[in-house]
Amino acid sequence: MVLKAELHCHIEGAASPRLIEEQARKYGADVSGFIRDGAYFWHDFTTFLSAYDRAASLFRTPEDYALLAETYLKELAAQGAIYAEFFTSPDHAERAGLSAQAYTDSLGEGIMRARAATGIEARMIVTGVRHFGPEAVEKAASFAARCGHPLVTGFGVAGDERVGHPRDFSRAFAIAREAGFGITIHAGEFAGAESVEAALDHTRPSRIGHGVRAIENPELVRRIADEGIVLEVCPVSNIVLGVFPDYAHHPLPQLVAAGCRITLNSDDPPHFHTNLAREYAVAAEHFGLNETALRSVTRTALEAAFVDEETRGRLLSRLDAQEQPA
Ligand SMILES: Nc1ncnc2[nH]cnc12
Ligand SMILES: [Zn+2]
């Protein structure tokens with residue numbers, strides 16, 4: 001099995017419907033508005049985001065979050081992943097009544113449990129939510145900068161790309177860069193190439209969440225390739241959310257052919273009926289990536305990971321060891 005790595009997954013979006021139903025029973029909440037017959041139920045990006053918010057509201061204690069992170073990472077390790085970064089959202093935790101610090105510490109506890117059980121290495125990317133506004137995003141960046149958690153190594157922005165403009169978040173990203181965090185921003189998913197270009201210009205990320213609609217502007221694709229910006233591509237998410245009509249129209253092969261560095265990610269796995277193994281299988285089946293190409297996707301993820309060089313070295317040699325014929 002090809003060793004894998006995931007850089008783009010929202011921890012609240014990784015909660016299975018079953019876990020949400022358990023939480024709903026625990027807190028006496030009604031989830032019939034967004035879960036039916038054991039599956040998430042929404043019909044577009046806006047109703048997906050509201051299902052996401054409602055699911056997130058059912059994680060209210062440190063143990064809830066530790067269990068969520070531990071469960072997600074153990075499942076990932078079982079799919080052959082040796083490394084994972086996931087997006088955290090202090091805003092969602094605070095809206096559920098938990099402090100950002102307690103939230104982050106308990107997710108960190110889940111990471112340690114999963115690492116003890118499976119060896120998987122994981123880090124957290126604190127994110128601001130675009131449609132919660134610039135002040136909220138700046139607050140998330142300031143929290144990340146002062147939280148001092150050793151497993152928080154990145155800052156990003158997610159949420160509704162149709163709201164606001166990257167220039168609104170340049171101060172938040174300056175705070176995060178100042179603190180030495182890796183920088184990634186969602187762009188080029190529900191807005192076009194101009195949104196990706198603005199994200200590059202105003203937030204200077206080393207990675208872009210999705211970024212796939214950069215394909216609309218060949219100049220921009222060349223810039224991404226030349227600058228070595230890594231695209232956190234989420235193929236199944238893009239099809240299920242209707243960013244592209246089908247895999248035949250997904251630009252991943254063109255982006256790779258143009259020299260862009262890409263990784264494969266599940267984004268919000270149970271919402272899109274996917275997981276990391278499925279993303280790799282889709283890339284093999286629909287984009288013609290053979291085992292060597294899939295392994296180089298994992299290598300790109302490890303090279304682009306927001307992780308210390310010693311850990312990066314250890315992960316890369318695990319990948320290389322798999323390459324040597326037994
Ligand atoms: N695919 C996505 N795009 C933007 N924000 C998100 N939050 C969770 N999943 C997301
Ligand atoms: Zn995402």
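Counting convention: from 1, in listed order, for ligands and their atoms alike.
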I'd like to know if R312 and E309 make a salt bridge, using a cut-off of under 4.0 Å between side-chain N and carboxylate O. yes
Would R54 pass as a cation-pi partner of F34, given that its NZ or CZ must be under 6.0 Å from the six-membered ring centre and within 45 degrees of the axis? no
Collect the protein residues that have a non-hydrogen atom under 4.0 Å from ligand 1 and hand them over in chain and number order. H10, F45, F48, Y52, A158, G159, H186, E189, H210, D267, D268
Nearest heavy-atom neighbours spanning A81 and I120: O-CD1, 3.6 Å
Kindly check if the number of other-residue, nucleotide or ligand heavy atoms within 6.0 Å of CZ (R162) is above 12? yes
Measure from the side-chain N and O atoms of N275 to the backbone N and O of P269, and report whether any donor-acceptor pair falls under 3.5 Å. no
Keeping waters out of it, list the protein N, O or S atoms under 2.8 Å from the Zn ion (ligand 2). H8 NE2, H10 NE2, H186 NE2, D267 OD1
Short side-chain donor-acceptor distance under 3.5 Å, T47 and D44: yes
Would R318 and Y83 count as a cation-pi pair here, with the cationic atom under 6.0 angstrom from the ring centre and within 45° of the axis? no
Do T61 and D64 pass the side-chain hydrogen bond (donor to acceptor under 3.5 Å, both in side chains) test, and can you show the C-alpha distance, the side-chain angles, and the key distance before you say yes or no? CA-CA 5 Å; T61 67; D64 288 343; 3.2 Å; yes
Hey, is the main chain of V163 close enough, under 3.5 Å, to the side chain of R130 for a donor-acceptor pair? yes
